[in-house]
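What follows is a short report on a single structure.
One-based numbering, in listed order, for ligands and for the atoms of each. In this text the structure is predicted, and so the values were computed from the model without any measurement.
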Amino acid sequence: MTETPQEALEQAALAGIHRLSIPTPFAVGRVNCYLIEDEPLTLVDTGPNSGKALDELQRQLGERDHAIDELDLVILTHQHIDHLGLVEIVVEHSGAAVAAIGVAAERLANFGEDAEREDEFAVDLMLRNGIPPEVAHALQSVSRSFRGWGAHAQVTRPLDDGEVIEFGDRRLTALHRPGHSPSDTIFWDEERQILIAADHLIGHISSNPLIARPLDGSDRREQALVTYIESLKKTREMPADFVLSGHGEPITDHVALIDERLAKTERRREKIHGLIAERPRSGYEIAQAIWGNVAVTQAFLTLSEVIGHADLLVNEGRVREVDDGEVIRYEATG
Ligand SMILES: [Zn+2]
């Protein structure tokens, strides 16, 4: 059993998997991409679309005596731009194939239009949950200003859930684990018991189940946290020695970490239930009661958290949504 994150990185390196730490302009800090030295030579995620990220990617590949143009395959773990923004440039230089969960391929190909529609969906959701219009529109501008860090991705190797990618020296099973985003996919080396989980599971921060449009391209509002909990429970059952994440250090006890995340979800659900039991409140009012000013500066993130936990309460029959035609409020039942 691998005991420490450092040992996990060493074990991964022995297995030909090398972490590349690529800068991003986002609050999350650096993103982890993974070079897999095998046939095909593979990069898991690329980092965002920026000169700085490209320089770092080149430099860190160079440290392993590789270059971008040698890459044969790029695997994408999910749709977020900090993970895939460089994919077009990497493919231009290398001609690499691009593998990603097939159900996300159309969305990934239509990046610009799709991102615009995603932002409109987010604004609508914020307004319906009581966030003031000026806050919702300010966030939309911020999101637009970050769009240059993303890119289209032409998926040439669409993966089915459970499909095995064969390498010269290993097999990786692609498993769809939506929740943090609708396209989250993890890659499992059963023989070595190494799990590449990207943002599905992160050690030092919880992976926010952000509310996003479903992969079918519709504007349906899905229950992201409910989906995420189902996904986490599946991952909990996996006999992983360690987990390689999309940010930060490897995880050597994923069961304990997942239990901690699930316990936190229960505590937060109860706190939100308490607030709703006091009086009916909108999602924004609940977020303000919990996070104060952060509910303004991080309005979409905190609203996603509130709605996710309120969904749990609604599904349990403890809370109902009351829609006055403008704003949705939650009120306790019974
Ligand atoms: Zn992400």
Side-chain angles (χ1 to χ4, degrees), residues 19-34 43-50 53 57 74-87 90 98-101 103-105 107-108 111 114-115 118-119 121-122 139 142-143 146-153 155 159 174-187 195-215 222-225 227-232 235 243-251 254 257-258 261 265 298-305 307-308:
R19 180 177 66 172
L20 312 179
S21 172
I22 305 298
T24 82
F26 304 105
V28 69
R30 288 182 178 250
V31 60
N32 294 329
C33 305
Y34 294 94
L43 183 65
V44 179
D45 286 342
T46 64
N49 188 6
S50 78
L57 180 62
V74 175
I75 295 177
L76 299 177
T77 61
H78 67 299
Q79 68 208 71
H80 289 160
I81 60 176
D82 51 334
H83 292 261
L84 61 67
L86 272 180
V87 64
V90 167
V98 177
I101 197 78
V103 284
R107 299 279 306 274
L108 294 173
F111 169 69
D114 192 73
E118 192 75 38
D119 283 349
F121 169 83
L139 280 181
V142 171
S143 176
F146 278 124
R147 203 159 299 158
W149 277 272
H152 300 97
V155 177
L159 301 169
L175 298 165
H176 192 197
R177 289 280 197 276
H180 163 69
S181 84
S183 54
D184 279 18
T185 310
I186 64 176
F187 296 88
L195 179 63
I196 301 174
D199 289 7
H200 170 60
L201 194 61
I202 301 174
H204 64 294
I205 43 172
S206 45
S207 306
N208 304 292
L210 289 169
I211 293 175
R213 289 160 53 235
L215 293 173
E222 294 198 314
Q223 296 193 330
L225 180 60
T227 304
Y228 184 53
I229 290 170
E230 283 168 17
S231 289
L232 277 181
T235 301
V243 176
L244 299 171
S245 291
H247 303 274
E249 298 305 315
I251 297 153
H254 68 293
L257 182 64
I258 289 170
R261 297 280 185 265
T265 295
Q298 302 270 17
F300 191 69
L301 188 70
T302 51
L303 182 62
S304 285
E305 284 286 335
I307 292 176

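Counting only heavy atoms from C-beta outward, the side chains of L76 and D45 approach each other to under 4.5 Å.
Between E118 and R107, at least one side-chain nitrogen of the basic residue sits less than 4.0 Å from a carboxylate oxygen of the acidic one, meeting the salt-bridge criterion.
Residue D184: no N/O/S atom is found under 2.8 Å from the Zn ion (ligand 1). Here H80 meets the criterion, with an N, O or S atom under 2.8 Å of the Zn ion (ligand 1).
H80 and D199 share no donor-acceptor pair across their side chains, judged by distance under 3.5 Å alone.
Note on ring orientation: taking the six-membered ring where Trp is involved, the planes of F26 and W149 are perpendicular (angle over 60°, cut-offs 30° and 60°).
Taking the Zn ion (ligand 1) as the corner point, the angle from D199 atom OD2 to H180 atom NE2 is about 90° (rounded to 10 degrees).
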